[in-house]
Amino acid sequence: MRWLKIAAEKGDAESQKQLPAWAASWDAEKNQKPEKNNPLHNEDDFEPSPNIWRVAGPWRLPKGDVREWFQKLSLEEVSEGLAPGDQSMFLGEKRDIVEVDAKEAGNLAKKIGVHADRIVLLHGQWHAEKAGKALLAVGSDDAIKVWVNEKLVVDDWVGRKMTSYEDLYPIEIPKGQNHIRAALVNFKGDWGFFLCVPGAKTKARLLAQAISQGDYSRTQALLEAGADPRQAVVYQLPALELAQVTKRTHLEGLLRSVG
């Protein structure tokens with residue numbers, strides 16, 4: 001704007017012609033409040049699926065090569081530890097099972113305390129109105145292993161802070177009841193998890209976010225999971241137009257390939 005004004009003042013005809021439109025656009029942008037109006041930053045409508053988790057533990061990690069043991073940990077062992085009831089048997093010891101609201105799952109310390117080198121087992125279920133493509137969004141502190149409907153989807157040995165929607169995995173789900181079972185390891189400090197199967201609105205928001213950031217692999221994962229590129233999420237722009245105005249030209253071919 002500053003250079004446009006200088007050029008207009010010096011008599012540049014093109015700048016004088018463009019200045020009113022640019023000034024109006026500039027004023028409109030200054031009056032926007034992205035944290036409230038931009039769906040990229042609005043999670044007020046977040047309704048997690050599953051919304052309640054059964055959390056069993058914690059148990060002290062076994063001695064020896066823990067990473068190798070974790071890689072060999074089977075669904076059968078986890079399922080047995082999450083059997084119905086208020087107590088869980090795992091690694092030869094009983095522990096209580098507690099219910100945790102999904103919106104509070106990022107801070108397990110509130111429910112089970114802060115424990116270093118411990119593991120908990122997780123179980124959540126949700127009802128799908130139709131079968132087809134879906135998305136599993138994962139964030140964890142720390143290592144995590146996840147099965148969706150008895151299929152291993154995530155096996156991640158990592159030390160990190162919990163971040164919502166950090167990793168995205170396309171999945172196929174049947175109509176009706178679906179289950180997620182997981183094992184979560186904490187190495188030290190606070191711990192928690194984010195496991196969610198987002199709906200169409202959230203997938204569209206995540207797609208717009210991935211496009212704005214120019215993230216090819218994340219955009220591809222969202223499209224494979226059924227995110228609708230025609231949905232106008234940010235500033236009333238569908239995905240292809242958003243890629244064009246944000247100059248993410250390397251994403252245009254990918255978006256066109258899905259129609």
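All values reported here derive from a predicted model rather than from experimental measurement.
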Hey, does Ile173 have a side-chain heavy atom less than 4.5 Å from the side chain of Trp126?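 Contact flag for Trp126/Ile173 side chains = yes.
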Is the closest side-chain heavy-atom distance between Leu207 and Leu223 below 4.5 Å?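 Yes; the side chains approach each other to less than 4.5 Å.
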[atom1]-[atom2] distance between [X] and [Y], expressed to the nearest 0.5 angstrom:
X	Y	atom1	atom2	answer
Trp191	Asp142	CH2	CG	9.5 Å
Asp117	Lys63	CG	NZ	12.5 Å
Lys111	Glu104	NZ	CD	7.0 Å
Gln16	Glu9	CD	CD	10.0 Å
Leu251	Ile211	CG	CD1	6.5 Å
Leu61	Arg118	CG	CZ	8.0 Å

Where is the tightest heavy-atom contact between [X] and [Y], given as atom of each residue plus distance?
X	Y	answer
His115	Pro58	CD2-CG, 3.7 Å
Val78	Ala182	CG1-O, 4.0 Å
Gly189	Val114	O-CG1, 3.3 Å
Leu206	Arg218	CD2-NH2, 4.4 Å
Arg54	Ile97	NH2-CD1, 3.3 Å
Ile52	Asp101	CD1-CA, 4.0 Å

So, the side chain of [X] versus the backbone of [Y]: is there a donor-acceptor pair under 3.5 Å, distance only?
X	Y	result
Ser79	Glu76	no
Asn178	His127	no
Lys145	Phe70	yes
His250	Tyr216	no

Indicate if Leu121 and Leu108 have the same hydrophobic cluster label, given that clusters are the connected sets of ILVMFWY residues with side-chain heavy-atom separations under 4.5 angstrom.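 No, Leu121 and Leu108 fall in different hydrophobic clusters.
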Measure the acute angle between the ring planes of Phe90 and Trp69, then classify it against the limits of 30° and 60° as parallel, tilted or perpendicular.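 Rings of Phe90 and Trp69: tilted, 30 to 60°.
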Show the numbers, then the answer: is there a side-chain contact (heavy atoms from CB on, under 4.5 Å) between Ile119 and Leu184? CA-CA 6 Å; Ile119 185 170; Leu184 175 72; 5.9 Å; no
Can Glu252 and Arg248 be counted as an ion pair, charged N to O under 4.0 angstrom?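 Here Glu252 does not pair with Arg248 in a salt bridge, since their nearest N and O are not under 4.0 Å apart.
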